[in-house]
Amino acid sequence: MASRSQSAHGSTSSVEQIKVLLIDDEADSLYPTLAQNLSPLGFELTKESDPTRALAAIQISAPQVILLDLHFPGDERRGDGRTAGGELLATIAQKFESTPVIVFTTRLDDVDIPLERFDRQPQGYFAKPNFTRDFGWAERLGQAIRDAIDTARFAHAPEAGDLGFLIGHTKEMQEVAARVRTAARNALTVLIYGETGSGKRLVAEAIHRLSERKGKFEHYNCSGAHIETLDSTLFGHERGAFTGANETKPGLFDLADKGTLFLDELQDIPIPVQNKLMTVVESGTFRPMGAKNDKKVDVRLIVATNHNLSDLVADHVLREDLAYRLGVSLIFLPPLRQRISDLPELFKIFVAQANKATRRDILPILRPETEHKLKKHHWSGNIRELEASILRAVAATRSNVLLPEDIEFLSLARPRPVGEEVIPSLSIVPEASTSMSVASSSLTATLTDHLESLDMRARYDFLKNQGSDLQKGVLKELTRRLRVRTGKRVGHKTLAAALDPLDNPERDLNRIRQFLHACGLQLTRLDFNQ
């Protein structure tokens with residue numbers, strides 16, 4: 001019986017199809033239904049019913065994925081609990097290492113019982129469907145086949161690629177990845193916004209790793225550091241500079257020369273240290289504690305915070321001029337709950353890392369019920385919490401895949417004393433859309449402030465280096481401010497003149513016109529005043 005997917009997807013004969021080999025003693029009877037429904041989804045099916053001819057069939061058909069039944073006639077007489085399909089699985093894994101195998105059987109009631117005995121593990125599993133009642137089986141099987149290909153590819157690829165956990169299909173993470181690669185091509189200071197545990201240090205490491213800087217990557221969390229300790233840690237000290245300074249020691253700026261220095265928790269840097277930081281950002285020079293002369297270094301500085309930059313300046317926690325200097329290149333790192341659709345890919349990365357740490361071989365297959373449990377969780381600890389949860393599960397599981405009961409979330413809420421009344425309270429975590437909106441608005445205002453502080457000849461180039469969404473936001477905010485100042489409607493020439501000196505009005509105006517058009521703005525209809 002044809003599944004509903006056949007008419008919906010239409011023919012894919014013009015597209016190269018994925019070759020699938022079915023090895024099953026019932027292959028002759030299963031083949032017509034399977035082939036008819038999988039072909040429109042992009043799969044070309046061949047079959048073999050005799051397990052003794054299976055290896056020859058693999059050599060002849062060269063499949064990209066194998067559907068393998070576990071049980072063949074005669075298994076019951078063996079007496080050792082092993083099956084012909086299980087032995088085939090081990091042989092295929094040895095002789096055709098790069099070809100993924102999906103266990104395809106009607107007796108796959110609980111994956112951790114039959115599969116954990118195998119010498120080699122499959123890349124997926126799929127219970128044979130009831131073709132007459134289950135109308136969605138073809139799509140699910142098709143997805144299982146593609147997942148198995150991805151799992152096999154992942155097993156033979158570098159652990160996490162050049163961007164590590166930054167992989168993802170969400171618009172936010174694609175923007176982050178683009179900004180990381182852009183930042184790696186220059187030496188500008190980078191400011192990373194992100195919640196605790198969202199991976200700010202990993203972003204900084206990715207920028208350094210992709211850059212051409214030959215020096216070391218140094219990092220320091222400024223949270224809670226005493227002013228004297230922080231000064232000494234960053235800039236070094238001479239012998240006798242303070243009590244206990246018995247020898248001259250280099251600072252992180254010395255160690256990171258020709259490399260990158262990442263400072264997390266920007267908001268905890270005291271103003272006196274910010275003054276020295278401002279000097280090194282502007283001139284590349286600093287004076288160690290107790291020294292008489294300045295030092296010159298070539299350090300790429302990356303800073304991070306989970307606080308609103310405008311609030312830090314308004315509360316006199318951060319020097320305004322330093323904020324502008326540090327915020328030349330901005331990266332907003334979204335929390336995990338805003339990129340939850342990337343969880344399956346993150347799952348594979350963290351399972352692989354956990355396998356290495358625990359010396360286990362758990363399959364990076366995300367079962368639907370496990371995925372449902374993971375996606376329901378709020379992830380207040382972000383990437384760090386997800387990584388820890390998967391590591392804990394991989395270390396403790398008795399299965400070869402992670403099941404829902406393997407996933408335990410660590411509660412960091414303070415225990416309530418016995419007898420204390422439970423008082424309902426509002427969540428302290430804002431909705432994702434609200435959080436993103438506030439962060440984007442703050443970034444837009446900060447960028448527009450910085451744009452207006454620049455020399456006219458630097459404004460256009462600065463704006464071009466921002467992402468498309470921020471470019472458009474800054475243009476809107478700049479137009480609004482111009483209208484407030486002049487009390488008049490802002491036309492395209494006025495806006496262009498605020499971005500460029502217009503030495504050659506016709507040429508420069510046309511250049512700005514093309515730039516604004518690329519941002520999705522039509523100059524002939526430019527009106528952000530409504």
Under 3.5 Å, side chain of Arg367 to main-chain N/O of Val401, donor-acceptor pair present? no
Check this for me, if you would: do Lys373 and Glu369 make a salt bridge, where the nitrogen-to-carboxylate-oxygen distance has to be below 4.0 angstrom? no
So Phe235 and Val273, side-chain contact (heavy atoms from CB on, under 4.5 Å) or not? Walk me through it. CA-CA 10 Å; Phe235 305 108; Val273 179; 4.0 Å; yes
Closest heavy-atom pair and its distance - Ser399, Ile362: O-CD1, 3.5 Å
Interatomic spacing from NZ in Lys216 to CG in Leu261 - rounded to 0.5 Å: 11.5 Å
Is the backbone of Ser39 close enough, under 3.5 Å, to the side chain of Gln17 for a donor and an acceptor to pair up by distance? yes
CG-CG distance between Leu363 and Asn400, expressed to the nearest 0.5 angstrom: 5.0 Å
Do the side chains of Val190 and Phe262 get nearer than 4.5 Å, heavy atoms only? no
Angle between ring planes, Phe104 versus Phe126, binned at 30° and 60°: parallel, tilted or perpendicular? parallel
Can you tell me if Gln274 uses its side chain to pair, donor with acceptor, with the backbone of Ile269 under 3.5 Å? yes
Given 3.5 Å as the limit, does a donor-acceptor pair link the side chain of Thr91 with the main chain of Glu87, or not? yes
Spacing of Ser389 atom OG and His377 atom NE2 [to the nearest 0.5 Å]: 6.0 Å
Roughly how far apart are Asn382 CG and Lys200 NZ, rounded to 0.5 Å? 8.0 Å
Is there any salt bridge (Lys or Arg N to Asp or Glu O under 4.0 Å) pair reaching into residues 54-71, and which pairs are they, with sequence neighbours excluded? Asp69-Lys128
Side-chain donor or acceptor of Asp406 paired with backbone N/O of Leu403 under 3.5 Å: yes
Tell me, do Val20 and Leu38 make a side-chain contact under 4.5 Å, heavy atoms counted? no
Do the non-hydrogen side-chain atoms of Ile58 and Pro63 ever get within less than 4.5 Å of each other? yes
Any idea which heavy atoms bring Pro250 and Asp254 closest together, and the distance? CA-OD2, 3.6 Å
Can you tell me if Lys375 has over 12 outside heavy atoms packed within less than 6.0 Å of its NZ? yes
Do the side chain of Arg300 and the main chain of Asn186 share a donor and acceptor less than 3.5 angstrom apart? yes
Whether the side chain of Gln64 engages the backbone of Lys19 through a donor-acceptor N/O pair (distance < 3.5 Å, no angle test) should be reported. yes
Run the numbers on Leu55 and Leu88 for side-chain contact (heavy atoms from CB on, under 4.5 Å), then give the verdict. CA-CA 8 Å; Leu55 299 182; Leu88 261 179; 4.3 Å; yes
Less than 4.5 Å apart, any side-chain heavy atom of Thr260 and any of Ile207? no
Without swapping roles, check the side chain of Thr182 against the backbone of Ala178 for a donor-acceptor pair under 3.5 Å. yes
Are Lys47 and Asp28 within salt-bridge range, i.e. N to O under 4.0 Å? yes
Candidate pair Tyr220 and Leu230, rule side-chain contact (heavy atoms from CB on, under 4.5 Å), full reasoning: CA-CA 9 Å; Tyr220 188 74; Leu230 184 57; 3.4 Å; yes
How far apart are the closest heavy atoms of Val176 and Pro334, and which atoms are they? CG2-CD, 3.9 Å
Close side-chain approach of Val101 and Phe96, heavy atoms under 4.5 Å: no
Side-chain (Tyr31) to main-chain (Leu45) donor-acceptor, under 3.5 angstrom: yes
Indicate the atoms forming the closest heavy-atom contact of Pro344 with Leu366, along with that distance. CA-CD2, 3.8 Å
Taking every heavy atom of Val180 against every heavy atom of Ala206, the minimum-distance pair comes out as CG1-CB, 4.1 Å
Are any non-hydrogen side-chain atoms of Gln338 and Glu195 less than 4.5 angstrom apart? no
Rounded distance [0.5 Å steps], CD1 in Ile365 versus OG1 in Thr370: 11.0 Å
Working to the nearest 0.5 Å, report the span between CD of Glu26 and CZ of Phe72. 10.0 Å
Taking all atoms of both residues into account, what is the closest heavy-atom pair of Leu330 and Tyr193, and its distance? CD2-CE1, 4.0 Å
Indicate yes or no: does Arg339 engage Glu172 in a salt bridge with an N to O separation below 4.0 Å. no
Among residues at least two apart in sequence or on other chains, which ones pass ring pair (Phe, Tyr, Trp, His ring centres under 6.0 Å) with Phe217? His208
Test Phe350 against Leu391 for side-chain contact (heavy atoms from CB on, under 4.5 Å), laying out the working first. CA-CA 7 Å; Phe350 290 139; Leu391 176 60; over 6 Å; no
Quick check: do Arg179 and Val203 have side-chain heavy atoms less than 4.5 Å from each other? no
Output yes when a side-chain donor or acceptor of Thr397 lies under 3.5 Å from a complementary backbone atom of Ala393, and no otherwise. no
Is the closest side-chain heavy-atom distance between Leu234 and Leu263 below 4.5 Å? yes
